[in-house]
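Working notes, structure below.
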Amino acid sequence: MNAIVVFDIDGVVRDVSGSYRRAIADTVEYFTVRAYRPTSVDIDRLKSEGIWNNDWEASQELIYRYFEAQGQPREQLQLDYNAIVTFFQSRYRGSDPQNFTGYICDEPLLLQRSYLEQLTLAGIPWGFFSGATSASASYVLEGRLGLQSPVLIAMEDAPSKPDPTGLFATVHLLEDELDKSLPVVYVGDTVADMYTVEKARSLQPERTWIGVGVLPPHVQETSARRDAYADTLRQAGAVLVLNNVQELTPVQILELLS
């Protein structure tokens, strides 16, 4: 029995703890006039709610919550969302509109191209569904990994997770000549990713949908944090939680299906 595998990108294909997450912290610190810089635990706590997959919106929400804790209702705050996005991008992408010069340039890769070739040799089709912008996603997939026009649904192509529209679109592109009932494995590092699988299952119950969690590097620094994060992913629906995406071998995928 074969399967389609769809990967999230951030925290799965690349380590974003020093890029996206650093940009969130920078943005919140800037818009709270240096009064509050969220820790990675603060960001994880927000992300665990399962609805803050978009890092621009997550930054805005952390700013709102800081001021609410100071007794200022969000209705009275004049936050400019576009200004938040612009500042965030100046840190993550960099200030040069033509080239990436920001934190994105220093993201460690979490998988090798040879791993994806291994899946192809096993007859397992694969693609990507990510909340990252298409430019950022293409930078890592094509520019860093050297993939040729991979199947990708990015931020501009679908609503934010946990809405499964983008997952459905990715699967549709991958199953062009394939059996339309193949099981789908979605690999992600957040609660929103696992909720996406749950929603896909509720909307298309005739198909098998499997959520596999991956622990992002920043939560593996202590065993207590690693175990707590793994439990959170399992509670959100992950049937398996891995330390690295490349542990999801063709043999492991067959075991999941059986």
Side-chain angles (χ1 to χ4, degrees), residues 1-14 48 50 53 109-130 141 145 147 150-153 158 161-217 219-220 223 226-258:
M1 189 182 191
N2 220 329
I4 289 171
V5 179
V6 180
F7 299 98
D8 179 31
I9 294 176
D10 302 333
V12 176
V13 175
R14 61 180 171 192
S48 72
N53 193 65
L109 294 176
L110 300 174
L111 64 73
Q112 303 301 314
R113 182 174 166 176
S114 56
Y115 165 71
L116 297 169
E117 291 166 350
Q118 188 184 4
L119 295 183
T120 301
L121 284 172
I124 298 168
W126 48 268
F128 303 91
F129 167 44
S130 171
L141 299 179
L145 282 170
L147 303 179
V151 168
L152 167 67
I153 297 294
K161 293 180 268 190
D163 187 311
T165 303
L167 180 57
F168 293 151
T170 312
V171 170
H172 180 69
L173 290 171
L174 288 168
E175 68 182 2
D176 192 25
E177 302 291 324
L178 302 171
D179 176 359
K180 299 295 190 284
S181 63
L182 281 178
V184 175
V185 178
Y186 186 48
V187 188
D189 70 314
T190 66
V191 167
D193 295 324
M194 299 307 112
Y195 285 176
T196 301
V197 175
E198 298 283 337
K199 294 201 174 205
R201 189 179 297 123
S202 69
L203 291 169
Q204 293 188 8
E206 68 281 0
R207 187 168 212 154
T208 299
W209 299 91
I210 299 170
V212 171
V214 174
L215 296 174
V219 305
Q220 299 192 48
S223 57
R226 181 182 65 236
D227 294 347
Y229 198 97
D231 285 345
T232 299
L233 289 176
R234 289 191 192 96
Q235 287 166 17
V239 298
L240 178 69
V241 178
L242 307 171
N243 291 320
N244 177 272
V245 62
Q246 294 181 134
E247 294 171 21
L248 187 67
T249 61
V251 171
Q252 179 72 73
I253 290 166
L254 277 176
E255 286 180 11
L256 280 178
L257 300 179
S258 61

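Just so you know, these numbers come straight off a predicted model, no measurement behind them.
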Nearest heavy-atom neighbours spanning [X] and [Y]:
X: N2; Y: L182; value: O-CD2, 3.5 Å
X: T232; Y: S48; value: CG2-CB, 4.3 Å
X: N53; Y: K161; value: ND2-CE, 3.3 Å
X: L248; Y: L256; value: CD1-CD1, 4.0 Å
X: G213; Y: L233; value: CA-CD1, 4.1 Å
X: P125; Y: A3; value: CD-O, 3.3 Å

Nearest 0.5 Å, please: how far is [atom2] in [Y] from [atom1] in [X]?
X: L116; Y: L147; atom1: CG; atom2: CG; value: 6.0 Å
X: L173; Y: I153; atom1: CG; atom2: CD1; value: 5.0 Å
X: R207; Y: K180; atom1: CZ; atom2: NZ; value: 8.5 Å
X: T120; Y: E117; atom1: OG1; atom2: CD; value: 7.5 Å
X: Q220; Y: D227; atom1: CD; atom2: CG; value: 10.5 Å
X: D163; Y: L203; atom1: CG; atom2: CG; value: 8.5 Å

Verdict with reasoning, V214 to D193, per side chain to side chain contact (heavy atoms under 4.5 Å, CB included): CA-CA 10 Å; V214 174; D193 295 324; over 6 Å; no
Worked check of side chain to side chain contact (heavy atoms under 4.5 Å, CB included) between V13 and L145: CA-CA 10 Å; V13 175; L145 282 170; 3.8 Å; yes
[X] versus [Y]: any side-chain heavy-atom pair under 4.5 Å?
X: L174; Y: V6; result: yes
X: L167; Y: K199; result: no
X: S181; Y: E206; result: no
X: L110; Y: N244; result: yes

Any donor-acceptor pair under 3.5 Å from [X] side chain to [Y] backbone:
X: D10; Y: S130; value: no
X: R14; Y: L141; value: no
X: Y229; Y: D189; value: yes

Residues E175, I4; criterion side chain to side chain contact (heavy atoms under 4.5 Å, CB included); working and verdict: CA-CA 8 Å; E175 68 182 2; I4 289 171; 3.9 Å; yes
Listed partners of T249 passing side-chain contact (heavy atoms from CB on, under 4.5 Å), at least two apart: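 For T249 the side-chain contact (heavy atoms from CB on, under 4.5 Å) partners, ignoring immediate neighbours, are V251, Q252.
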Parallel, tilted or perpendicular, as decided by the 30° and 60° cut-offs, for the rings of F7 and Y115: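 The rings of Y115 and F7 stand perpendicular, inter-plane angle above 60°.
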Identified side chain to side chain contact (heavy atoms under 4.5 Å, CB included) partner of Y186 from the options T170, V212, D8: D8
Qualifying residues under side chain to side chain donor-acceptor pair (under 3.5 Å), relative to R234, sequence neighbours excluded: D231
Full working for side chain to side chain contact (heavy atoms under 4.5 Å, CB included) between Q204 and V184: CA-CA 11 Å; Q204 293 188 8; V184 175; over 6 Å; no
